[in-house]
K.L.:
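Got a structure for you, questions after.
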Amino acid sequence: MAESERAKMAAGQWYTCLDDELEALRATTRDAVFEHNCLPPRQRGNLGPSLKALLGKAGEGARIEAPFHCAYGFNIFLGDGVFLNAGCTILDTASVRIGRGTLLGPHVQIYCAEHHKEASGRQAGLEIGRPVEIGANAWIGGGAIILGGVSIGEGAIVGAGAVVTRDVPDNTTAVGNPARAVRRS
């Protein structure tokens, strides 16, 4: 029996996102995100109930401000005290792990999906998911973009508007497009 597109996605293989099972999962996620984004803040609390249930992990005190968008949700793992400011987008076609106490500024974007290099592959919906890991107590400045396959170390700082295309070591500040280390603390 052929492997499902979801199984290929989970295994880090090329898969087609134009798949009924994956579309059904994305539809469920859209509903959870809609609920989170539309609940009055006092009623929503740190996370809307459907979004909290959908996430791979939501540590104690983890908070996501509205509006928020994600592709699947179940690939997102938030440590204790993680804070995502308004407008964050996580396209979690692979695992996104954010360590305890890490702060993401407004409009931070994390893109795990990499599309096929050939036009015919893109038209067929072929993509591959690359995981992202952000260590504990990191600070990701507003508008930063983090591409799939990147690890950002503990205590690292990513400057506002940076485009992170490669790993950032522990306790390092990286800025620019593409982001480059400018200082170790």
Side-chain angles (χ1 to χ4, degrees), residues 9-10 12-14 17 29 33 36-37 41 46-47 51 55-118 121-122 126-185:
M9 181 178 81
Q13 301 170 356
W14 287 98
C17 62
T29 303
V33 166
H36 173 83
N37 290 337
N46 287 343
L47 292 163
L51 182 60
L55 295 178
K57 177 188 174 195
E60 184 70 31
R63 181 178 184 88
I64 300 175
E65 290 291 345
F68 171 73
H69 177 77
C70 65
Y72 295 98
F74 54 76
N75 284 324
I76 299 172
F77 301 85
L78 306 176
D80 294 346
V82 167
F83 177 77
L84 279 64
N85 211 327
C88 287
T89 295
I90 302 177
L91 301 184
D92 60 313
T93 58
S95 173
V96 175
R97 297 184 178 276
I98 303 175
R100 65 177 164 66
T102 289
L103 308 173
L104 275 64
H107 300 284
V108 169
Q109 301 164 63
I110 300 174
Y111 303 146
C112 293
E114 179 181 318
H115 299 285
H116 202 275
K117 303 285 187 263
E118 300 293 327
R122 290 190 301 275
L126 287 177
E127 54 187 46
I128 191 167
R130 308 242 188 247
V132 168
E133 183 142 355
I134 303 173
N137 300 308
W139 174 23
I140 312 300
I145 298 172
I146 301 167
L147 299 184
V150 167
S151 291
I152 297 172
E154 289 193 19
I157 297 171
V158 172
V163 178
V164 183
T165 61
R166 63 182 126 193
D167 293 351
V168 176
D170 291 352
N171 302 307
T172 299
T173 298
V175 299
N177 180 3
R180 299 199 190 290
V182 294
R183 164 172 67 103
R184 284 196 48 91
S185 47

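Positions are given from 1 along the sequence.
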K.L.:
Between Asp167 and Ser151, is there a donor-acceptor pair closer than 3.5 Å when you use the side chain of the first and the backbone of the second?
P.N.:
yes
K.L.:
Any side-chain heavy atom of His36 sitting closer than 4.5 Å to one from His69?
P.N.:
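When only atoms from C-beta onward are counted, His69 and His36 do not touch, as no gap falls below 4.5 Å.
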K.L.:
Donor-acceptor pair, distance only, cut-off 3.5 Å: does the side chain of Asp92 make one with the backbone of Gly73?
P.N.:
yes
K.L.:
Are Arg130 and Glu127 close enough for a salt bridge, meaning some N to O gap below 4.0 Å?
P.N.:
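The answer is no: the pair does not qualify as a salt bridge.
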K.L.:
Got a second to check how far Leu104's CG is from Phe68's CZ, nearest 0.5 Å?
P.N.:
9.5 Å
K.L.:
For the atom pair CD1 (Ile128) and OG1 (Thr93), what is the distance rounded to the nearest 0.5 Å?
P.N.:
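So the CD1 of Ile128 and the OG1 of Thr93 are separated by 9.0 Å.
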K.L.:
Are any of the side-chain heavy atoms of Ile64 and Leu78 separated by less than 4.5 Å?
P.N.:
yes
K.L.:
Within this structure, what is the OG1-CH2 distance for the pair Thr173 and Trp139, rounded to the nearest 0.5 Å?
P.N.:
9.0 Å
K.L.:
Grab the two heavy atoms, one from Gly79 and one from Ala62, that are nearest each other, plus how far apart they are.
P.N.:
O-CB, 3.9 Å
K.L.:
Please tell me if the side chains of Ile90 and Val132 come closer than 4.5 Å, counting only heavy atoms from C-beta onward.
P.N.:
no
K.L.:
In Å and rounded to the nearest 0.5 Å, what is the CG to CZ distance from Leu55 to Phe77?
P.N.:
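Rounded to the nearest 0.5 Å, the CG-CZ separation comes out at 9.0 Å.
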K.L.:
For a quick test of reading the model, state the closest non-hydrogen atom pair linking Cys70 to Leu51 and the distance between them.
P.N.:
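That closest heavy-atom pairing would be SG-CD1, 4.4 Å.
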K.L.:
Could you tell me whether the side chain of Asp170 and the main chain of Glu154 form a donor-acceptor pair under 3.5 Å?
P.N.:
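Judged by distance alone, yes, a pair lies under 3.5 Å.
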K.L.:
What closest approach, in Å, do Ala156 and Val168 show between heavy atoms, and which atom pair accounts for it?
P.N.:
CB-CG1, 3.9 Å
K.L.:
Is the shortest side-chain heavy-atom distance between Ile140 and Val164 below 4.5 Å?
P.N.:
no
K.L.:
Where do Ala94 and Gly129 come nearest, in terms of heavy atoms and distance?
P.N.:
CB-C, 3.6 Å
K.L.:
Quick one: are Cys112 and Asn75 in side-chain contact, heavy atoms under 4.5 Å?
P.N.:
no
K.L.:
Kindly give the heavy-atom pair with the smallest separation between Ala138 and Gly153, and that separation in Å.
P.N.:
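Nearest pair, atom of Ala138 first, then Gly153: CB-O, 4.0 Å.
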K.L.:
Would you check if Val108 and Val158 make a side-chain contact, meaning some heavy-atom pair closer than 4.5 Å?
P.N.:
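No; the side chains remain at least 4.5 Å from each other.
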K.L.:
Crowded around Glu60 CD? As in, over 12 foreign heavy atoms under 6.0 Å?
P.N.:
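Open: at most 12 neighbouring heavy atoms sit under 6.0 Å from CD of Glu60.
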K.L.:
Is the closest side-chain heavy-atom distance between Arg100 and Val82 below 4.5 Å?
P.N.:
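Side-chain contact under 4.5 Å: no.
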K.L.:
Return yes if some donor-acceptor pair links the side-chain N/O of Asn85 with the main-chain N/O of His107 below 3.5 Å, else return no.
P.N.:
no
K.L.:
Is the shortest side-chain heavy-atom distance between Val96 and Ile146 below 4.5 Å?
P.N.:
no
K.L.:
Looking at Arg63, I'd like to know if its CZ atom is crowded, meaning that more than 12 non-hydrogen atoms belonging to other residues, nucleotides or ligands lie closer than 6.0 Å.
P.N.:
yes
K.L.:
First locate atom CD1 of Ile110, then atom CG of Leu84, and finally report the distance between them rounded to the nearest 0.5 Å.
P.N.:
7.0 Å
K.L.:
Arg122 and Lys117: which non-hydrogen atoms are nearest, and at how many Å?
P.N.:
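Residues Arg122 and Lys117, closest heavy atoms: NH1-O, 2.8 Å.
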K.L.:
Please report the interatomic distance OG1(Thr102) to CZ(Phe83), rounded to the nearest 0.5 Å.
P.N.:
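If I round to the nearest 0.5 Å, the distance is 13.0 Å.
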